[in-house]
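To keep things clear, I will list the structure first and then write my remarks on it.
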Amino acid sequence: MVMEPPTPGGNSGASVARGASERAPIGSASEGAASGNANVVTAGAAYIGGKIVPISEAVIPILDLGFLHSDATYDVAHVWRGRFFRLGDHLDRFERGMKKLRMSLPIDREEIRRILHDCVRASGLANAYVEMICTRGMAAPGSRDPRDCVNQFYAFAVPFAWIATPEQQEQGLSVHVSRVQRIAPESVDPTVKNYHWLDLVQGLFDAYDHDAETALLSDADGNVVEGPGFNVFAVTAGALVTPKAGVLKGVTRKTALEIGAELGAELDLPVEERALSYDELVEANEVFVTSTAGGIMPVCAIDGRPVGAGVPGPVTEEIKSRYWLMHDDPWYFEQVD
Ligand code: PLP
């Protein structure tokens, strides 16, 4: 079934349900929306093979190397109250990633932008998580040469997903700094947004085993770098610090750096992009994580120890408030057309 894009709807943007224990595998007797399986996303629309289809019908060929080898790059923008936030920055990063991976598409940036708008409009979602993907595609029969592949473009819009819901953000997240080491930047360039997530997922399980809500991973030198889907910032005694190397240059990180520079001038708190050690992190006055999937999210405990006073701190709250205000600034948003 091909969907006709309706006008943007009033969906409030349900967060993705947590806790997988009660969920059934795809294909099991209780699979599907009709049986109430929370694992099947029923709201949303995707662009696959040149068509917009309901998200539940969006499938990719099993031989696509994006699936078989994680040979892909992607980007995620969000739509908040019917508006894309910093879509140009997401498209820039997506294009840079494709170039670094030697991928190209027959469609240009404006066509990609149009498809993303179409997905959101077709989904009817006012608050959406919008993903664009370029995969290597399928190899020619018998070939193992990536140059023989025709790169593929896919996109979809689903309900906005929070790394920490607004309720969790009021308490602040509890984080475990995992012993799982982040994949080395010399092996997989973290500035190319990629699906090499096994370290991040193992870190997440490690965090759950330590009764924490999420994880941070460190590099080979023991410096904290990033977590599953987010960058990290620490407000230390003398600066607002975020890791410089070994991380995805998040669009939310960029926004936090811009707000931090503005606020830093007011508070005499310089912004520093540099290595962040474990000791500095746990001794920080405030810690927060940043992601398109949730914005600026306070961290109130690390490895069972409270961060600062154990509640979201004033610098974090101010950056968070300015971040959401920027969503109303026409310089940063574009209306879903
Ligand atoms: N780091 C990693 C590994 C990510 O996957 C993400 C987003 O998915 C981020 C950081 C945050 O990036 P952004 O702020 O652009 O969402």
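As the structure lists them, so they are numbered: ligands from 1, and atoms in each ligand from 1. We number each residue from 1, following the sequence as shown. Quick caveat, the model's predicted, so the values are computed rather than measured.
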In terms of side-chain heavy atoms, does H327 have a donor or acceptor partner in H78 at a distance below 3.5 Å?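 Yes, side-chain donor-acceptor contact under 3.5 Å.
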
Any donor-acceptor N or O pair under 3.5 Å, side chains Q152, T135: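 The criterion, which ignores hydrogens and geometry beyond distance, is not satisfied for T135 and Q152.
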
Mind checking whether H90 and F84 have ring centres under 6.0 Å apart?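 Centroid separation for H90 and F84: 6.0 Å or greater.
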
Provide, line by line, the atom pairs where ligand 1 and the protein bring an N/O atom each to a distance under 3.5 Å; else say none.
from     : atom 1 : to   : atom 2 : distance (Å)
ligand 1 : 1 (N)  : E226 : OE1    : 2.8
ligand 1 : 8 (O)  : K193 : NZ     : 2.4
ligand 1 : 14 (O) : V251 : N      : 3.3
ligand 1 : 14 (O) : T252 : N      : 2.9
ligand 1 : 14 (O) : T252 : OG1    : 2.6
ligand 1 : 15 (O) : R93  : NH1    : 2.9
ligand 1 : 15 (O) : R93  : NH2    : 3.0
ligand 1 : 15 (O) : V251 : N      : 2.8
ligand 1 : 16 (O) : T292 : N      : 2.8
ligand 1 : 16 (O) : T292 : OG1    : 2.7

Could R83 and F333 be counted as a cation-pi pair, given that NZ or CZ must be under 6.0 Å from the ring centre and within 45° of the axis?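 Yes, R83 and F333 form such a contact.
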
Side chain to side chain donor-acceptor pair (under 3.5 Å) involving Q202 - partner list, sequence neighbours excluded: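 Residues passing side chain to side chain donor-acceptor pair (under 3.5 Å) with Q202: none at all.
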
Electrostatic pair E226:K244 at N-O distance under 4.0 angstrom: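 A salt bridge is absent here (no side-chain N lies under 4.0 Å from a carboxylate O).
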
